[in-house]
Asks: 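Below you will find the structure I want to go over with you.
Start at 1 with the first residue, then count along the sequence. Keep in mind that this is a model prediction, so the values were computed, not measured.
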Amino acid sequence: MNTSVSVVITTFNKAQYLEQSVKSVLAQTFSPVECIIVDDGSTDNTRQFADKLIQYYPQIQYFYKDNGGVSSARNFGADKATGEWIQFLDADDWIHEDKIRFQLSCLEGTGDNVVFYSDYERVYVDQDENIIETKPHVVGALTKEQLIERLLICPDFLADSPFPLLQQSMLFKKKLLDQRNFDTRLKACEDREWVLELLQRNVRFVHTPIIGAYYRKHRFNLTDNSSLMRESYIKYFEIVLTNHKNLVILCQKSIKYLIEKSFEEKDQESFTRLAKLVELPVYLLNGKIKVNHRWLLNLLYSIRTMTPNFLLYERYRGPRSRKLLSIISRRA
């Protein structure tokens, strides 16, 4: 097979994980594979780790850039890549040694306008980086409609199926990035937005049945930054509204969850943006209040900002507040 592949490893302050990620690329049963490290402005010793790896494996290419986020880093790496096919990989993850060969073996009859995606495994580690649990996620072959519906549910725990298009599990023609690169406005969810655009352009997504990628869950994961993730979810849904208004209805489960959370946490900016996206009715206070009008939604939020947390939510109640509420209820 006269085919070349580039693997772009993006990293920001993940020096301790870089070696395993790089070695999983260099161990691929398919060749040639171009290995590119994009350092997105790391302030740890990533450069030193990369230099040591290059001493042993001179075929590795290392590039440093000012920090711009994962979308910027991936776009940068794609510009440096010379392969016909491209695979992105985060520095704290790794891929199966036969992933690329196996996925390319499924190429016959698919055409060029295709993205291969595989199953993957979540690897949970403790503070000392010891593996405490592994959880395979078998995605299976999904239709275009099923993929789109699942991409619009986030956070992922709101869905009853694993996220299907993990960036690390995919392999695709580099020329697809000429159609659409990663949106630098997104600090997270950039992979969702990118594949959603490809699906809307009728790019074919083909499932390849192999545990192809290993996604490490640790205390430094970007997805554990709740404020950053909420901002990214909202921005993602705003982009969907702008580009594909007909799909906003599929976002409502997520939007209604997020508006309840922003109501609870008195996050006015998030609440205001979500109120423009949500379709009524909305249920607040764990489903206790049904809101059918936007003016009422805004009024309730204004009242919420003046209401102590413990009066509305049990999880904020300590011994003193429980005692106070007990006294009030007896006198009522």
Side-chain angles (χ1 to χ4, degrees), residues 1 3-8 10 30 34 70-79 81-90 95 99-120 137-154 156 159 161-186 188-210 212-213 235-237 239-251:
M1 183 183 294
T3 303
S4 59
V5 177
S6 296
V7 179
V8 176
T10 54
F30 177 88
E34 179 182 54
V70 66
S71 294
S72 172
R74 287 178 180 159
N75 292 338
F76 180 94
D79 288 340
T82 61
E84 180 185 7
W85 291 79
I86 194 164
Q87 149 103 52
F88 289 105
L89 186 60
D90 294 338
I95 53 177
K99 176 185 185 293
I100 292 174
R101 185 209 62 79
F102 182 79
Q103 289 188 305
L104 289 176
S105 74
C106 302
L107 181 58
E108 187 175 350
T110 61
D112 285 345
N113 210 32
V114 62
V115 174
F116 293 119
Y117 66 99
S118 74
D119 307 316
Y120 58 96
H137 288 297
V138 178
V139 177
L142 300 175
T143 65
K144 171 184 174 180
E145 291 72 24
Q146 288 173 320
L147 287 170
I148 289 173
E149 183 176 353
R150 181 60 183 84
L151 288 169
L152 295 172
I153 300 176
C154 49
D156 285 327
S161 61
F163 181 66
L165 298 176
L166 193 73
Q167 190 64 226
Q168 296 89 322
S169 77
M170 294 194 289
L171 180 70
F172 50 89
K173 281 286 187 73
K174 182 188 172 185
K175 68 179 184 180
L176 289 180
L177 288 163
D178 296 332
Q179 294 186 35
R180 187 66 155 73
N181 59 11
F182 293 97
D183 194 324
T184 55
R185 292 174 294 175
L186 291 165
C189 296
E190 75 295 327
D191 46 356
R192 293 176 188 262
E193 195 274 337
W194 184 72
V195 292
L196 179 64
E197 286 298 318
L198 294 186
L199 284 161
Q200 289 296 101
R201 299 179 190 202
N202 293 315
V203 172
R204 188 178 177 191
F205 281 70
V206 175
H207 174 250
T208 54
I210 181 177
K235 174 57 71 175
Y236 172 47
F237 294 138
I239 292 171
V240 171
L241 177 63
T242 300
N243 296 341
H244 309 290
K245 190 174 182 178
N246 62 307
L247 297 180
V248 173
I249 190 171
L250 298 177
C251 308

Asks: Tell me the closest heavy-atom pair linking Phe182 and Glu190, and the distance in Å.
Replies: CD2-O, 3.8 Å
Asks: Are Phe30 and Trp85, when compared by the centres of their aromatic rings, separated by less than 6.0 Å?
Replies: no
Asks: Would you check if the side chain of Lys174 reaches a backbone N or O of Ala81 as a donor-acceptor pair within less than 3.5 Å?
Replies: yes
Asks: Report the residue from Tyr117, Phe102, Tyr120 that forms a ring-ring contact (aromatic ring centres under 6.0 Å, His included) with His207.
Replies: Tyr117
Asks: What do the steps show when you test Leu142 against Phe205 for side-chain contact (heavy atoms from CB on, under 4.5 Å), and what is the final call?
Replies: CA-CA 8 Å; Leu142 300 175; Phe205 281 70; over 6 Å; no
Asks: Do Leu247 and Leu196 have side chains that approach each other closer than 4.5 Å (heavy atoms only, starting at C-beta)?
Replies: yes
Asks: Between atom CZ of Arg150 and atom CG of Leu165, what is the distance when rounded to the nearest 0.5 Å?
Replies: 9.5 Å
Asks: Do any N or O atoms from the side chain of Arg74 and from the backbone of Gly77 form a donor-acceptor pair under 3.5 angstrom?
Replies: no
Asks: Output the distance between atom NE2 (His137) and atom CZ (Phe163), rounded to the nearest 0.5 Å.
Replies: 12.0 Å
Asks: Working to the nearest 0.5 Å, report the span between OG of Ser118 and CD1 of Ile95.
Replies: 9.5 Å
Asks: Rounded to the nearest 0.5 Å, how far apart are CZ of Phe237 and SG of Cys154?
Replies: 3.5 Å
Asks: Between Arg180 and Glu197, is there a donor-acceptor pair closer than 3.5 Å when you use the side chain of the first and the backbone of the second?
Replies: no
Asks: Any chance you could measure Ile148, atom CD1, to His244, atom NE2, to the nearest 0.5 Å?
Replies: 8.5 Å
Asks: Taking Asn181 for the side chain and Leu177 for the main chain, is one N or O donor matched with an acceptor at less than 3.5 Å?
Replies: no
Asks: Assess whether salt bridge (charged side-chain N to carboxylate O under 4.0 Å, His left out) is satisfied between Asp183 and Arg192, documenting all intermediate values.
Replies: CA-CA 10 Å; Asp183 194 324; Arg192 293 176 188 262; over 6 Å; no
Asks: Heavy-atom distance under 4.5 Å between the side chains of Asn113 and Leu176, does that happen here?
Replies: yes
Asks: Examine distances only and state if a side-chain atom of Glu34 and a backbone atom of Thr82 form a donor-acceptor pair shorter than 3.5 Å.
Replies: yes
Asks: I'd like to check Leu186 versus Ile239 (side-chain heavy atoms, cut-off strictly below 4.5 Å). Are they in contact?
Replies: yes
Asks: Start with the C-alpha gap between Leu147 and Val195, add the side-chain angles, then the distance that decides, and say whether side-chain contact (heavy atoms from CB on, under 4.5 Å) holds.
Replies: CA-CA 9 Å; Leu147 287 170; Val195 292; over 6 Å; no
Asks: Does Glu84 offer a backbone N or O that forms a donor-acceptor pair with the side chain of Ser4 under 3.5 Å?
Replies: yes
Asks: Taking atom CG of Asp90 and atom OG1 of Thr10, what is their separation to the nearest 0.5 Å?
Replies: 4.5 Å
Asks: Pair Leu107, Phe116 - check side-chain contact (heavy atoms from CB on, under 4.5 Å), show working.
Replies: CA-CA 9 Å; Leu107 181 58; Phe116 293 119; 4.0 Å; yes
Asks: Find out whether Leu151 and Tyr236 are in side-chain contact, i.e. whether some heavy atom of one side chain is under 4.5 Å from a heavy atom of the other.
Replies: yes
Asks: For Lys99 and Val7: C-alpha separation, side-chain torsions, deciding distance, then whether side-chain contact (heavy atoms from CB on, under 4.5 Å) applies.
Replies: CA-CA 12 Å; Lys99 176 185 185 293; Val7 179; over 6 Å; no
Asks: Do side-chain atoms of Gln103 reach the backbone of Phe172 as a donor and acceptor pair under 3.5 angstrom?
Replies: no
Asks: If you take all heavy atoms of Thr208 and Cys106, which pair is closest and at what distance?
Replies: CG2-SG, 3.7 Å
